[in-house]
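Values below: every heavy atom of this structure, side chains too, minus hydrogens, waters and symmetry copies.
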Amino acid sequence: MFAVIKTGGKQYRVAPDDVLEIGKIDGEPGTIVQLNEVLVVGGDTPVLGVPAVAGASVAVEVLDHKRGPKVIAFKKRRRKNSRRKRGYRDELTLIRVSEILTDNAKPTKGPRPKKAKAEAPAAEAAE
């Protein structure tokens, strides 16, 4: 099963357990957020929205907030001794799709537990 969602002015084709970067959304890392603007729900019988599928949503887990690569906008007017250099970085959110919901269903899966960091066996051998 897959879905096409719209967020941040862009459209993404997602399936359960997909990890992707989207424009920044609200939510602390480790929480479940529902994205309600679903354009298509695919599977055995695809459902197309006009413009969105009624009652459909996608539950995603927020993994991290970060910033994208720096983009430089450099403008120069020749022979005028005029130039401008400006830069910016996009605010991004890393998400994992947990489930695709239909018929106004609520998310059933919670956030995945974090993996515990294992002790380094080399440190024990050194002692």
Side-chain angles (χ1 to χ4, degrees):
M1 179 177 228
F2 72 92
V4 176
I5 60 171
K6 181 179 178 185
T7 179
K10 297 178 183 175
Q11 297 176 7
Y12 302 93
R13 182 187 188 275
V14 297
D17 294 326
D18 281 354
V19 176
L20 59 132
E21 290 180 347
I22 62 173
K24 187 171 183 179
I25 58 174
D26 291 335
E28 294 296 318
T31 59
I32 297 291
V33 177
Q34 276 188 291
L35 302 176
N36 295 321
E37 198 158 1
V38 179
L39 305 177
V40 176
V41 175
D44 295 335
T45 58
V47 179
L48 300 176
V50 186
V53 178
S57 64
V58 174
V60 299
E61 178 185 356
V62 176
L63 299 177
D64 192 19
H65 294 292
K66 61 182 189 176
R67 298 179 75 192
K70 183 177 276 192
V71 178
I72 303 294
F74 184 79
K75 296 181 180 180
K76 181 178 185 340
R77 294 166 192 89
R78 59 189 188 146
R79 296 185 301 272
K80 303 280 192 277
N81 196 22
S82 170
R83 59 181 176 231
R84 171 171 292 166
K85 181 178 178 182
R86 300 177 73 177
Y88 73 96
R89 295 176 70 180
D90 286 330
E91 301 287 331
L92 302 173
T93 301
L94 188 68
I95 62 169
R96 177 185 297 120
V97 178
S98 55
E99 52 189 332
I100 298 171
L101 307 165
T102 56
D103 301 326
N104 292 322
K106 298 292 181 196
T108 58
K109 297 180 183 177
R112 290 187 182 178
K114 294 190 176 196
K115 295 180 181 177
K117 293 184 179 179
E119 294 284 332
E124 294 173 6
E127 293 176 2

Minimum-distance pair of heavy atoms, taken over all atoms of [X] and [Y]:
{"X": "Ser98", "Y": "Pro16", "result": "O-CB, 4.2 Å"}
{"X": "Val58", "Y": "Ala3", "result": "CG2-CB, 4.2 Å"}
{"X": "Ala56", "Y": "Val41", "result": "CB-CG2, 4.1 Å"}
{"X": "Pro51", "Y": "Leu39", "result": "O-CD2, 3.2 Å"}

[X] and [Y]: same hydrophobic cluster, using ILVMFWY side-chain contacts below 4.5 Å?
{"X": "Val97", "Y": "Ile22", "value": "yes"}
{"X": "Ile95", "Y": "Phe2", "value": "no"}
{"X": "Leu35", "Y": "Val14", "value": "yes"}
{"X": "Leu20", "Y": "Met1", "value": "yes"}

Looking at [atom1] of [X] and [atom2] of [Y], how far apart are the two atoms once the value is rounded to the nearest 0.5 Å?
{"X": "Lys85", "Y": "Arg83", "atom1": "NZ", "atom2": "CZ", "result": "10.0 Å"}
{"X": "Ile32", "Y": "Glu99", "atom1": "CD1", "atom2": "CD", "result": "8.0 Å"}
{"X": "Leu92", "Y": "Ile25", "atom1": "CG", "atom2": "CD1", "result": "11.5 Å"}

(request) Using atom types as modelled and distance alone, determine if a side-chain donor or acceptor of Ser82 lies under 3.5 Å from a backbone N or O of Arg77. (result)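 Looks like no, no N/O pair under 3.5 Å.
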(message) Whether the side chain of Arg67 engages the backbone of Asp90 through a donor-acceptor N/O pair (distance < 3.5 Å, no angle test) should be reported.
(response)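 Between the backbone of Asp90 and the side chain of Arg67 there is no qualifying donor-acceptor contact (under 3.5 Å).
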(request) State which residues pass salt bridge (Lys or Arg N to Asp or Glu O under 4.0 Å) with Asp44; sequence neighbours excluded, sorted by chain then number. (result)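 Testing Asp44 for salt bridge (Lys or Arg N to Asp or Glu O under 4.0 Å), a comparison that skips the adjacent residues, returns none.
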(request) Would you indicate whether the side-chain heavy atoms of Val62 and His65 approach each other to under 4.5 Å? (result)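 They are in contact (side-chain heavy atoms under 4.5 Å apart), so the answer is yes.
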(message) Applying side chain to side chain donor-acceptor pair (under 3.5 Å) as the test, list every pair that has at least one member in residues 2-19; sequence neighbours left out.
(response)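 Only Asp17-Arg112 qualify under side chain to side chain donor-acceptor pair (under 3.5 Å).
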(request) Determine, stepwise, if the pair Val19 / Leu94 fulfils side chain to side chain contact (heavy atoms under 4.5 Å, CB included). (result) CA-CA 7 Å; Val19 176; Leu94 188 68; 3.9 Å; yes
(message) So, using side chain to side chain contact (heavy atoms under 4.5 Å, CB included) as the criterion, who are the partners of Gln34 when residues are at least two apart?
(response)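 By the side chain to side chain contact (heavy atoms under 4.5 Å, CB included) rule, Gln34 matches Asn36, Ser57, Leu101, Pro107.
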(message) Closer than 4.0 angstrom, basic N to acidic O: yes or no for Lys109 and Glu61?
(response)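 Looking at Lys109 and Glu61, the cut-off is not met.
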